Amino acid sequence: MAILARTKSLLTSMCVASGLAAFSVPGYSQEPEALEEVLVTARRQAESLQSLAVSGTVFDAEYLARARVLGVEDYALMTPNLELNETGTRSENSLAIRGVSNIGAGLNSSLAVYVDELNVLPLVPNPQLQDIERVEVLRGPQGTFFGRNAAGGAINISTVRPSDTLEGNLFFEGSSFSTYQGGATLNVPLGDSLAIRGTAYVYESDGWIDNSNSAGGSNDQSHFGGRIAARFTPNERLTIDASISSADESNGLESGIPTGKLSVGSIGLWGLNAIQEVPPFPKNIDRVNNDNPKEIDYDYNLFNGRIQYEFDDFVFTSVTGAAEGGRKQDGDVDATSFDAVNLTRDQEIEFNSQEFRLAFNPSSGISWTVGVSWYDQEFKSDLEVILGSFNPFGAPDGTLIRAENGANDLESWALFGEVDIPIGDKLMFTYGGRYSDDDVSAQQVIVNGTPMGPVVNDIPEVSENFTDYSNKFALTYDSSENLSFYVLASQGYRTGGVQLDPALAEPKFEPETLWNYEAGVKGLFLDGRLRFAAAAFHVDWEDLQVRSLVNAVNPQTGEFTLVTGVDNAAEAASTGIELEIEALATDKLRLGFALGYMHAEYDDYQDAVIDGAVALIDLSGEQLLDAPELNWSLFAEYNFTVGDHWEGFVRGEYSYVDEKETNHLAYVPPTLFPVPFDFSFPYSIPDFEVVNLRIGMSRERYSVYLFAENVFDENYYTGTFDDLFASGIHVRTHPREVGARITFNF
């Protein structure tokens, strides 16, 4: 890992020298004759989405630039059945695809995020999209090629590779709330066989949250990072790629507004009423009152190496990854003007991975890919919760009420393969399979504060092994060059885990599995000027992992208790459709429409343990969390010319997301709490709609770009988070943002 750490100073210097970040505004051809072919690497090779048995949404470089896409929060609204749950910082957002989300806890996600064939989700859940060639959102299990953590789908990101052309760009952007960002990209060929490409970015913002307490810090944000990549091609058969990425994200106060509602755990500590020193949301969308500053930092260093050798009919590929990074938090967590509770948290993660693949791709006949992968991850976490001078227990300032020191390890290996068998000229049968073997272990020391002194609980290491074999079956029928149909049945697998708290009955939870059944049609019409894709699906879960959290004080001992558990508590199903249409209405007007509909609910969840409820709850028939029934979006983009040299575009985007629930507390009748309490707000999130506008002009190497995000200042939120204790549940607001960008290409 030492080589990764040493690159950070180099990338920092690159950022400071440029003062900018790589993001240009390329233009579509002013008079295209047909829509561009959509390529994906869902099977680790570039293929046309038209011919694959997969439902996917692809954003190419032109789309990412014109829609000002910088992270998952920018493209989630434009993707069918992809749901975003935002917290107070961009690196802690969570996602759901077709209702598959991270309801449970543990080291493993139900979704995969890959950058250049390397799984980065444990460390980089929301990569900054700088110098990106393509973003693919693949719906449904992608376990054959993306592994055990792709039960619901995968986000597959491809960066721009070094090339043999000397080129680059610079940009600078200013927008609302004293926000400035920029970056630089430079591609340098070094002879006939070697090229290097570097990109760097910086981001500075005062944030839109106004803290009325001058001593409590601000909502400022400061991010920087970059990537250096090299490509070596000594001959036509061998390609060697290597890249080193680094990023550092610093945040002050989280971007959240109190709702005036306490969480269940906070009620146990503070009683029934939140301390309301500012109006709650939605009356207030930008004010807080914090007495102490807060700092939340994320950083990572990432190495990615890829070797590919092409034989006559075979392709051998090796992908090597190594990474280190973490999250640090320090400061106020009661979010009031009282010095009540402070928290420090230090989380570190390291992983190493290796994958080998061999693909047989003849010009005709049977083709196949086989591979083996290995992954090793270490996670360490230290936590301290400390009382301030104002607290409900009358304890001295600085009293420790909770400390945790823990480690979680995961070692996984897998064998996988997929084969395509042609049946006649138009029909293709595909079979894929993956065998996974996962070793998980954890250990922890817990210290609980009591009036009599600290109580130490040293929990020894617990380990478990989980294995799985997942299948994929698909039939694809190409009725013509421009029309294809497919049917698909595929399994998803999320590994089990261990849990250490002695208050829990079970020391482990079992894997979560699902079957995804799907049928789709894809077509190109009107001489390639209209693209159409539709899919219908049904997802069937077993042993759904569900997380529960209890956060309270024992009235007899005064001991603070924080118990987190995971149960294989439920069976669930999700049924729905996805529809995407893109058209060149005229030579200058491009239109797009996307729709996702699903009905995702618990089939059988009769004895749900809900935090704070006095009885078990039957959630059978209730909607899954983060699974709105409907989301749809559209865009219209008009290209034009001014005089002989200027080219321009105007673009509008509209998105709608239906209502959803983000916490099971939304389903509990108020009478089932010791004192009646209604959690329908804020855990039942109302539907919302967002409109964005962009206009740009370019001439030769220069471009100017104006934008307005959330034009009508829609007062919406997509998720919740607790800013412990007395100020209660918070939501992230989305004020209107306007700005401009200037780009220079060379």
Side-chain angles (χ1 to χ4, degrees), residues 40-42 54-59 71-87 90-115 117-127 129 135-157 351 353 375 377 410 412 414 434 436 438 468 470 472 490-497 511-516 518 537 539 541 544-547 566 572 574 576 578 596 598 600 624-628 631 660 662 718-719:
V40 294
T41 54
V54 64
S55 176
T57 301
V58 179
F59 304 97
V72 67
E73 62 276 6
D74 297 313
Y75 61 81
L77 292 177
M78 308 297 287
T79 305
N81 289 331
L82 173 64
E83 178 58 21
L84 174 67
N85 186 323
E86 293 177 286
T87 63
R90 69 181 302 276
S91 291
E92 292 189 5
N93 298 335
S94 62
L95 296 170
I97 297 179
R98 293 181 174 176
V100 183
S101 66
N102 293 330
I103 299 174
L107 291 175
N108 299 290
S109 171
S110 296
L111 310 173
V113 177
Y114 275 70
V115 176
E117 302 189 35
L118 183 65
N119 179 20
V120 301
L121 180 62
L123 191 61
V124 196
N126 187 12
L129 298 180
V135 175
E136 308 164 14
V137 181
L138 308 172
R139 293 177 285 269
Q142 306 295 321
T144 301
F145 288 100
F146 291 91
R148 54 176 161 62
N149 58 342
I155 295 175
N156 191 27
I157 300 170
F351 70 77
S353 66
Y375 180 85
Q377 175 180 301
L410 167 67
S412 176
R434 187 181 188 99
S436 302
D438 302 316
D468 175 77
S470 296
K472 171 187 172 182
S490 55
Q491 286 181 285
Y493 163 67
R494 182 184 183 192
T495 190
E512 176 182 315
T513 60
L514 62 84
W515 272 100
N516 175 78
E518 187 173 329
F537 65 87
V539 183
W541 281 269
L544 183 64
Q545 296 172 5
V546 180
R547 176 178 180 265
V566 177
S574 175
E578 287 133 9
M598 62 179 163
L624 289 178
L625 303 184
D626 290 316
N631 75 307
K660 68 172 184 178
T662 61
T718 68

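Computed from a prediction, not measured in an experiment: that's the story for all the values here. For the single chain, residues carry numbers from 1 onward in sequence order.
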Given side-chain hydrogen bond (donor to acceptor under 3.5 Å, both in side chains), test Asn631 with Glu83 step by step and report yes or no. CA-CA 9 Å; Asn631 75 307; Glu83 178 58 21; 5.9 Å; no
Stepwise, does the side chain to side chain contact (heavy atoms under 4.5 Å, CB included) test hold for Leu84 with Leu95?
-> CA-CA 5 Å; Leu84 174 67; Leu95 296 170; 3.7 Å; yes
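To the nearest 0.5 Å, atom OG1 of residue Thr718 and atom CD of residue Glu86 are 3.5 Å apart. In this structure, the separation between CG on Leu111 and CZ on Arg494 is 9.0 Å, given to the nearest 0.5 Å. If you take CG on Leu118 and CD1 on Ile157, they are separated by 11.5 Å, rounding to the nearest 0.5 Å. The line from CG of Asn516 to NZ of Lys472 is 10.5 Å long, rounded to the nearest 0.5 Å. Ile155 contributes atom CD1, which lies 9.0 Å from atom CG of Leu138 (distance to the nearest 0.5 angstrom). Atom CG of Asp626 and atom CG of Asn85 lie 4.5 Å apart (nearest 0.5 Å).
Inter-residue side-chain proximity for Ser353 and Asn119 is flagged as unmet; no heavy-atom pair is nearer than 4.5 Å. For the pair Leu625/Thr662, no side-chain contact is recorded, criterion being any heavy-atom separation below 4.5 Å from C-beta on. No side-chain heavy atom of Pro141 sits less than 4.5 Å from a side-chain heavy atom of Phe146. The side-chain heavy atoms of Trp541 and Leu624, taken from C-beta on, include a pair separated by under 4.5 Å. Annotation: side chain of Tyr75 is not in contact with side chain of Thr57 (no heavy-atom distance under 4.5 Å).
Contact between Tyr375 and Pro122 at its shortest, heavy atoms only, is OH-CG, 3.3 Å. Minimum heavy-atom separation, Gln142 to Gly140: NE2-O, 3.0 Å. Contact between Val115 and Pro127 at its shortest, heavy atoms only, is CG2-CG, 4.2 Å.
Ionic pairing of Glu518 and Arg98 is present here: one or more N-O contacts between side-chain nitrogen and carboxylate oxygen are shorter than 4.0 angstrom.
With no hydrogens or angles considered, a side-chain donor-acceptor pair links Thr41 and Asn156 at under 3.5 Å.
Counting only distance, with no hydrogens or angles, the side chain of Asn126 and the backbone of Val72 share a donor-acceptor pair below 3.5 Å. A distance-only check finds a donor-acceptor pair linking the side chain of Gln545 to the backbone of Thr495 [under 3.5 Å].
Residues satisfying the salt bridge (charged side-chain N to carboxylate O under 4.0 Å, His left out) criterion with Arg139, sequence neighbours excluded, are Glu578, Glu580.
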